[in-house]
Amino acid sequence: MINQITFILLFCLSIAVFSFSIYRLYRFYLLTKPVPYHNWNSRIATLLKVGFGQSKLFRLRIAGLLHALLFWGFLVISLGTLEMIVDGFTNSHQSFQRFGIIDDIVNVSILIMGGVVLLVAVLFLFRRLIMHIPRFNAPELKRKGKREAILILSLIILLMITLFFITSSAFAWWCHIILIFVFLNLLPYSKHLHIITAAPNLLLADLEAPSKMKHMKNIEHEVMAMLYPEQITEANTTTPERFGVKDVEDLTRKHYLDALSCTQCGRCTDACPANRTGHKLSPRKIVMDVRERMNEKGPILLKNGLDADDHKSLLRNYISEEELWACTTCGACVQECPVMISPLAIILEMRRYLVMEEGTAPAGITAAFANIENNGSPWQISSDQRTSWIK
Amino acid sequence: MQPISIYADLSHDQYPEYLFWVGCAGAVDLRYQKVIRAFVKILQHCSIDFGVLGEEESCNGDPARRAGNEMLFQMQALQVIETFNRYNIKQIITCCPHCFNTFKNEYPDLGGNYEVVSHVEFIAQLIDQGKLIVDQSVFKDKVVTYHDPCYLGRGNGIYDAPRKALDALGIKRVELKENRSKSLCCGAGGAQLFKENDPGTTEINLQRTEQVFESGASIVATACPFCMLMLTDGLQTKQANSETATVGNKDIAELIAAAL
């Protein structure tokens, strides 16, 4: 009886704190701009293939296989966790035994996968602590992120060790369930949040060609007014919204969900041509900056309204112009991300702000703009040169 | 070269089946003009009914858009769409993957819907249909590698058509260390080509050029005017000190046109 009450209290406390943490992030999420979604069949297919099938992780064969084993292992083990919760609520012991042979199969699978997950977690810890993998030691990874990775892996190891004894030892049972509650409540504050956000992020991932830029409907009116002034009859009286992204509230909900789904693996930055040649751009940093800036600005916006200003912004205080202009839009970061985050989309939106709101761009690019306007080509040519290859 | 139809000179009932969109590089870059002429040679060799816009061609807006200037992009795009509609253009072939991507994926948002095909896909189709017979003796046993342009490969999933076209030449094709969806950018996209260099430890095109050397190929084939510029520069820089330049770069169209 006392066990049952203790369990129920701990369970409710854990779920309550967790819900509060997630609700806080959800309120930040609501500060950003909504995006319409269609095409649910393809979305579910993407979730199954890239999420449950882990297809993109396998782009790095060994690391991908290890992660997939960890993920599939967790799926199986969570059936055992479900049983523990039912047991805890009903003060019973292994209540799923009523399912007979199925339960036996599940239990054996849980033990096997527990062993696999333990092995993988040890290997991952070895990789973090002993092997020198550049993407785990990049400048944008602050000490906090590194410590977090080690903490989470240690927790997983402890979870698996206690898992083996939950049926034989009440102490191990309690340790295991308390570790689960601790783990759950660390998630919303760590890079490990991807356990929760990766699935929705894949479901809402961009299904269009990765090289297609998002159309700006709000520019169309202005362009039509410039090109065909005679066709515009009514004046556009609505105050124009900000073009592009200066700060987190200008982002779309998808951009922010991307930031919440990033576990800082660094595959994007490893593939980034600018980063590899020592230029000042790391796609991972862009995504991390979004999450960090929202943690700073979100509470201010919630407290003082959407116009609140702390005299800082994502642009410049977090992401410099040099970083934004270093991107070749090659799409390698988008291609590599196992959870289909697009750092590129954020970079391009921030360029839009720089150019259309501030009118700033590197001199060469400003010159290219002028050439396009005057000569119809980014190079300085006259239109009669367009047929010179024929002659 | 046989005479080329320019839309402005044609009457309404003479409009050809395909528009061949030349792109700005074909107008400005002498090296790239050879690619344009080579592709036109292939088109004429296969009696394809095509025309060009000539002086009426204008930047489709891609570099402006990627550099953040959506206003300029849309102005250019709407004007180009107006030109296309005036000539009742339905099918477009282009050598430039950036133009290809913009027409194919981005113009529909502005009401411009066309069938767009890249020159490498078109060549591969002609080979498939038996309309283009390639002489396998010209480049026989040459070691050739292919650099995947970002906007064909990762952007639009076109990996096999260029390889199929190269294989038709009877060459020995080798892959670069990073190929297909893992291809390393040439460094020019996203309006980088027009921007002055910011400090780095090396340049992207030089890194890619090293991969070309590692592959052991004597020719690196490309399918993009930007990649061509960057690799030409990379090869020149890296081979500047050697007595003889041993590695050259060619567009797939040039290789095919030389083997007709």
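Everything numeric in this text was worked out from a predicted model, so none of it was measured. Proteins get letters first, then strands, A, B, ... in listed order; numbering begins at 1 in each.
- In terms of heavy-atom pairs under 4.5 Å with chain B, the best-connected choice from A:Glu322, A:Lys214, A:Glu208 is A:Glu322.
- Annotation: the span from A:Met226 atom CE to B:Leu72 atom CG amounts to 9.5 Å, rounded to 0.5 Å.
- By number of non-hydrogen pairs under 4.5 angstrom with chain A, the leading residue of B:Ile6, B:Leu110, B:Val40 is B:Leu110.
- The choice from B:Cys24, B:Cys185, B:Cys150 that makes the most heavy-atom pairs within less than 4.5 Å of chain A is B:Cys24.
- In this structure, B:Arg66 CZ and A:Thr328 OG1 are separated by 11.5 Å, a value rounded to the nearest 0.5 Å.
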Task: Verdict with supporting geometry, B:Arg154 and A:Cys330, side-chain contact (heavy atoms from CB on, under 4.5 Å) - done: CA-CA 8 Å; B:Arg154 269 189 297 272; A:Cys330 77; 3.7 Å; yes
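- For A:Glu220, the parts sitting under 4.5 Å from any heavy atom of chain B are the backbone and the side chain alike.
- Only the side chain of A:Ala368 comes within contact range of chain B, with heavy atoms under 4.5 Å apart.
- Between chain B and the residues A:Gly244, A:Cys272, A:Ala326, the most heavy-atom pairs under 4.5 angstrom are made by A:Ala326.
- Using a 4.5 Å heavy-atom cutoff, the side chains of B:Leu193 and A:Trp379 are in contact.
- Both the backbone and the side chain of A:Ser377 come within less than 4.5 Å of a heavy atom in chain B.
- The side-chain heavy atoms of A:Pro378 and B:Cys59, taken from C-beta on, include a pair separated by under 4.5 Å.
- A donor-acceptor pair is defined here as one N or O able to donate and one able to accept, closer than 3.5 Å; such a pair exists between the side chain of B:Asn101 and the backbone of A:Ser211.
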Open item on the list: For B:Val22 and A:Arg386: C-alpha separation, side-chain torsions, deciding distance, then whether side-chain contact (heavy atoms from CB on, under 4.5 Å) applies.
Closed with: CA-CA 8 Å; B:Val22 176; A:Arg386 294 215 174 249; over 6 Å; no
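- Ranked by heavy-atom pairs shorter than 4.5 Å toward chain B, the options A:Ser382, A:Gly376, A:Ser388 are led by A:Gly376.
- Side-chain atoms of B:Leu78 and A:Met224, non-hydrogen and from C-beta on, do get closer than 4.5 Å to each other.
- Atoms CD and CD, from B:Gln33 and A:Gln385 in turn, are 8.5 Å apart once rounded to the nearest 0.5 Å.
- Comparing B:Ala191, B:Ala25, B:Ser58 by how many heavy-atom pairs each has under 4.5 Å with chain A, the most go to B:Ser58.
- Neither the backbone nor the side chain of B:Glu56 comes within less than 4.5 Å of any heavy atom in chain A.
- Using a 3.5 Å distance cut-off with no hydrogens or angles, the side chains of B:Glu203 and A:Thr277 do not pair a donor with an acceptor.
- In this structure, the portions of A:Ile365 lying under 4.5 Å from any heavy atom of chain B include both its backbone and its side chain.
- Looking at A:Arg59 and B:Ser181, their side chains do bring a donor and an acceptor atom within 3.5 Å of each other.
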- [ ] Please step through side-chain contact (heavy atoms from CB on, under 4.5 Å) for the pair B:Lys182 and A:Gln335, ending with a clear verdict.
- [x] CA-CA 8 Å; B:Lys182 294 199 172 192; A:Gln335 180 80 45; over 6 Å; no
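- Using a 4.5 Å heavy-atom threshold, the side chains of B:Tyr32 and A:Trp389 count as separate.
- Taking 4.5 Å as the limit, every side-chain heavy atom of B:Phe73 sits out of range of all side-chain heavy atoms of A:Ile219.
- Remark: A:Lys49 NZ is loosely packed, at most 12 non-hydrogen atoms of other residues, nucleotides or ligands lying under 6.0 Å away.
- Residues A:Met356 and B:Glu70 are in side-chain contact: their nearest non-hydrogen atoms beyond the backbone lie under 4.5 Å apart.
- A 4.5 Å side-chain heavy-atom check between A:Met216 and B:Gln74 finds at least one atom pair inside the cut-off.
- In this structure, A:Pro273 and B:Gln207 have side chains that are not in contact, with every pair of non-hydrogen atoms separated by 4.5 Å or more.
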Open item on the list: Set out, in order, the CA-CA distance, both residues' side-chain angles and the distance that settles side-chain contact (heavy atoms from CB on, under 4.5 Å) for A:His215 and B:Glu106, then state yes or no.
Closed with: CA-CA 8 Å; A:His215 185 58; B:Glu106 300 185 347; over 6 Å; no
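- For A:Leu354, no part lies near chain B; criterion is any non-hydrogen pair under 4.5 Å.
- Judged by distance alone, with hydrogens and angles left aside, the side-chain atoms of B:Lys195 form a donor-acceptor pair with the main-chain N or O of A:Trp325 at under 3.5 Å.
- Residue A:Ala363 touches chain B through both its backbone and its side chain, counting heavy-atom pairs closer than 4.5 Å.
- Judged purely by atom type and a 3.5 angstrom limit, B:Glu55 has no side-chain atom pairing as donor or acceptor with the backbone of A:Thr387.
- The candidate with the highest count of non-hydrogen atom pairs below 4.5 Å against chain A, out of B:Lys34, B:Arg37, B:Glu57, is B:Glu57.
- Within the 3.5 Å criterion, the main-chain N or O of B:Asn69 finds no donor-acceptor partner in the side chain of A:Arg352.
- Ranked by heavy-atom pairs under 4.5 Å with chain B, the list A:Glu349, A:Lys217, A:Glu373, A:Arg276 is led by A:Arg276.
- When each of B:Thr202, B:Leu206, B:Thr102, B:Asp29 is checked for heavy-atom pairs under 4.5 Å with chain A, B:Thr202 comes out on top.
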